[in-house]
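Within every chain, numbering begins at 1; the chains are lettered A, B, ... in the order of the sequence lines, protein sequences first and strands thereafter.
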Amino acid sequence: MKKVENKNILEIKDLHTYFYTDNGIVKAVDGVDINLKEGSTLGIVGESGSGKSVTALSVMNLLEGTKGKIVKGEILLDGKDIVNISKEEKRKLKGSQIGMIFQEPMTSLNPVLKIGDQIMEGLLQHSDMSKQEAKEKTIKILEQISIPRADKIINEYPFQLSGGMRQRIMIAMALVCNPKILIADEPTTALDVTIQAQILELILELKKIIGMSIMFITHDLGVVAEVCDEVVVMYCGRVVESGDVFTIFEDPQHPYTKGLLESIPKLGVEVERLDSIPGNVPNPKFMPKGCKFEPRCKYSMDICKEEEPPFFTFDNEHKSRCWLCKKEYGGEL
Amino acid sequence: MFRYFLKRTLAVIPTILIVSVFVFMFVRFIPGDPARRVAGPDATLEDVENIRETLGLNKSIPEQYKDYMLGLMKGDMGTSLKTQRPVTYEIGQRYMNTVRLTVVSLLWSVIAGVLIGVFSGKNRSKWQDYTGMTLAVSGISVPSFWLGLMLISVFAVNLKWFPTVGSEGLKSLVLPSITLGASVAAIIARFTRSSIIEILKEDYIRTARAKGLRENKVVWKHVFRNSMIAVVTVVGLQFGFLLGGSVVTESVFAFPGLGSLLIDSVNFRDYPMIQSLILIFSLHFVVINLVIDLLYAGLNPEIQMQ
Ligand SMILES: Nc1ncnc2c1ncn2[C@@H]1O[C@H](COP(=O)(O)OP(=O)(O)OP(=O)(O)O)[C@@H](O)[C@H]1O
Ligand SMILES: [Mg+2]
């Protein structure tokens, strides 16, 4: 694997996104730092509710209409802040600079609009193409993602397509303006296994052609191993460990990461259900004072209950937020 | 699509038949004797019986029904007991007045209702929403006869902008159609609002936003079309309400339409007139709902394709 020091196309710094619900504040993202290197694929993993989607929605400025708000932190796209800019500037970035695909292909397409129209409208919004040019570009991208009968499909409606097909359409839609970044939020979770593999392959292939950087959200570490260069592990709205994919798989430092890795079903091995991590994600209203993972951690120490661990940095930008790192591995603060 | 249309059109016939049977029966259950009304207060019992016979009211109800339906097939709705002129003539005199009133009322109330609903829904909990919904609640709670009288006293009697009564010219339609359409507009506004709010939560709206579309495009292209699928069905139901409402409104404005004719006919126990009018109202209702169904199918590609 080539190891080039690429610049960061996307930098998330100390991001805090809270939901102000009727039942109190939900700190969905509470101090997250993520760097996406140009041309690389970054995996974000973590259990349900760890704040993966909210991180993505914060980047995409799609919190509008929810009770969520970015309360602190910076998001830099190509070095430029995209949090404190005008609504109109934010809108212009969506679709053209950053594309996003979602988990639910069945509900993510508008049921009453033709497929072609839904792909084209992004192009028409962000460029000054004519309708005819946009249509040609749409057919071209559909052919690129090897959708048969592209010229017919553009006149069909979402209900006429299977889930796998719809997800391909979503991908075409997200990439039609050649964005610099693709955010894929569990793009294969809702699909069956054979289709999953095809979609993954497609994303990787398109990455070669278009050359975008990818932020890949999943809770399937198997998928991470297959497609990602780097991994960020999230827990309770925080990053608990990050590093390149080999390091994370070969030498995980955080007990939570270890637990996740142990829970990957291995071929031919009977898996005893997720007993690698006992217990549940803590209730946001009763967050532990110290390390958020402490109640479920089998290496729990006194300090873990009292104080939240900072990041300990190892080589290769491998970081882990665990007191064990200080004690056993001599990581530096 | 054509077959669907044909099927739906043919289904109108049994509906109308069933309605005709019920109307025919119920009209004859209204207390009061039309023969006596025709004969006048001084007539002898014998006179009344004679008149009953000439009117065909001494026959059994099924027989009367048969006669009426046979006449109907020839385009004859019978003779008005009150005026002694053909029912078709009397109705013909007033038919277009009511159509005009109903169409104008429906048009403005749908347009206003939908616009208020969209602006309230997309600006949920902002001043646009509060203004729109205050209007809507008033529209629903104000009784139409009261609204009609108020409009007459302010705009016709005091300001003299519009005529108080009658059906001469477009101006005479303004106050009655405001009266008739107000509550319909309000109901449509509320329904549109809640539908817009629901659709705004859909995943595909998030997708549309993720494309960086302008907010107007998101609302009018993605949200609006989907919410209209639900709204058209309500419009169909409201049309029935308009037909009923026209009876009250026409009376308040002494508007020479079918509604006020119906009231006169009921007072006179004018059987042929009552049953014909109700049949016409039902036919309108059924036809409008057919149109609404087709519109619904037209908006919904999934149904359209089947
Ligand atoms: N619209 C919302 N309103 C209130 N709370 C929300 C909203 N969306 C997300 N949250 C909360 O934010 C937290 C993080 O949610 P998020 O969707 O980011 O999790 P996730 O890591 O993507 O999980 P999953 O794997 O299930 O997709 C959760 O506790 C969730 O309840
Ligand atoms: Mg999620």
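- Taking chain B as the reference chain and counting heavy-atom pairs below 4.5 Å, the highest number among A/Met100, A/Lys92, A/Lys114, A/Gln118 is found for A/Gln118.
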Tell me, with the steps shown, if A/Glu88 and B/Arg214 meet side chain to side chain contact (heavy atoms under 4.5 Å, CB included). CA-CA 9 Å; A/Glu88 184 63 7; B/Arg214 290 212 166 78; 4.0 Å; yes

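- The distance from atom CD of B/Glu215 to atom NZ of A/Lys87, rounded to the nearest 0.5 Å, is 7.5 Å.
- Only the side chain of A/Met173 comes within contact range of chain B, with heavy atoms under 4.5 Å apart.
- Note: A/Asp117 leads A/Asp117, A/Leu93, A/Ile98 in heavy-atom pairs under 4.5 Å with chain B.
- Looking at A/Pro179, there are no atoms closer than 4.5 Å to chain B (heavy atoms on both sides), in backbone or side chain.
- Proximity to chain B is limited to the side chain of A/Leu113, based on heavy atoms less than 4.5 angstrom apart.
- Between B/Tyr204 and A/Pro111, the shortest heavy-atom distance links the atoms CE2-CD, 3.4 Å.
- Taking NZ from B/Lys211 and CG from A/Leu123, the interatomic distance works out to 10.5 Å, rounded to the nearest 0.5 Å.
- Heavy atoms of other residues, nucleotides or ligands lying less than 6.0 angstrom from CG of A/Asp192 number more than 12.
- Applying the 6.0 Å contact sphere to NZ of B/Lys217 captures no more than 12 heavy atoms from other residues, nucleotides or ligands.
- In terms of heavy-atom pairs under 4.5 Å with chain B, the best-connected choice from A/Gly122, A/Ser108, A/Gly95 is A/Ser108.
- For B/Trp146, the CH2 atom counts as loosely surrounded, since its 6.0 Å shell holds 12 or fewer non-hydrogen atoms of other residues, nucleotides or ligands.
- Residues A/Glu104 and B/Arg206 form no side-chain contact, since every pair of their non-hydrogen atoms from C-beta on lies 4.5 Å or further apart.
- In B/Lys221, the NZ atom is crowded: over 12 heavy atoms of neighbouring residues, nucleotides or ligands sit closer than 6.0 Å.
- The distance from the CZ atom of B/Arg209 to the CG atom of A/Leu57 is 12.0 Å, given to the nearest 0.5 Å.
- The choice from A/Asn61, A/Leu62, A/Val112 that makes the most heavy-atom pairs within less than 4.5 Å of chain B is A/Val112.
- One finds the CG atom of A/Asn110 at 9.0 Å from the OG1 atom of B/Thr207 (value rounded to the nearest 0.5 Å).
- By the 6.0 Å contact criterion, OH on A/Tyr20 is enclosed, its count of non-hydrogen atoms from other residues, nucleotides or ligands being greater than 12.
- Summarising the local packing, CZ of B/Arg94 is surrounded by more than 12 heavy atoms from other residues, nucleotides or ligands at distances under 6.0 Å.
- No part of A/Ile101 comes within reach of chain B, as not one of its non-hydrogen atoms sits under 4.5 angstrom from that chain.
- When each of B/Asn226, B/Ile229, B/Leu299 is checked for heavy-atom pairs under 4.5 Å with chain A, B/Asn226 comes out on top.
- Both the backbone and the side chain of B/Leu213 have a heavy atom closer than 4.5 Å to some heavy atom of chain A.
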